[in-house]
Amino acid sequence: MTRPRSIFALMMAFLMAFLVSCSSVEAKVPTTYTAAQTQQIQRYVPTLTEFRSRMDKLGTLIQKRNWIDTRTYIRSLAK
């Protein structure tokens with residue numbers, strides 16, 4: 001029983017290698033942001049930098065496993 005399985009597995013491996021080698025992948029043009037999208041992103045930068053600076057305190061609360069203060073701190077960030 002092991003002999004037909006190994007032959008079948010070998011055949012499947014060759015089939016997969018053949019299918020992958022014959023497939024063609026089209027290169028996509030990378031997306032760029034419009035001027036309006038860039039302005040919208042720039043509006044969020046101060047808020048994101050403030051949140052990033054507060055992540056250190058959140059990390060220490062999590063390391064101390066102080067879950068009540070962690071939950072309260074996350075809720076205060078969301079306001």
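Model, not experiment: these values are computed from the prediction.
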query: Looking only at atom types and distance, does a side-chain atom of Tyr73 sit under 3.5 Å from a main-chain N or O of Arg54, one as donor and one as acceptor?
result: yes
message: Quick check against the 3.5 Å criterion: does Gln37 have a side-chain atom that pairs as donor or acceptor with the backbone of Thr34?
response: yes
Going from [atom1] on [X] to [atom2] on [Y], what distance comes out if it is rounded to the nearest 0.5 angstrom?
{"X": "Lys57", "Y": "Asp69", "atom1": "NZ", "atom2": "CG", "result": "8.0 Å"}
{"X": "Tyr33", "Y": "Gln39", "atom1": "OH", "atom2": "CD", "result": "15.0 Å"}
{"X": "Thr47", "Y": "Arg52", "atom1": "OG1", "atom2": "CZ", "result": "12.5 Å"}
{"X": "Thr72", "Y": "Asn66", "atom1": "OG1", "atom2": "CG", "result": "8.5 Å"}

Quiz: residues 14-22 side-chain donor-acceptor pairs under 3.5 angstrom, not counting sequence neighbours:
residue, atom, partner, partner atom, Å
Ser21, OG, Ala17, O, 3.1
Ser21, OG, Phe18, O, 2.9

message: Within the 4.5 Å heavy-atom criterion, are Met11 and Ile7 side-chain neighbours or not?
response: yes
query: How close do Trp67 and Ile62 get, heavy atom to heavy atom, and via which atoms?
result: CH2-O, 4.0 Å
- request: May I ask whether Ile41 and Phe51 are part of the same hydrophobic cluster, defined by side-chain heavy atoms of I, L, V, M, F, W, Y residues being less than 4.5 angstrom apart, directly or through others?
  value: no
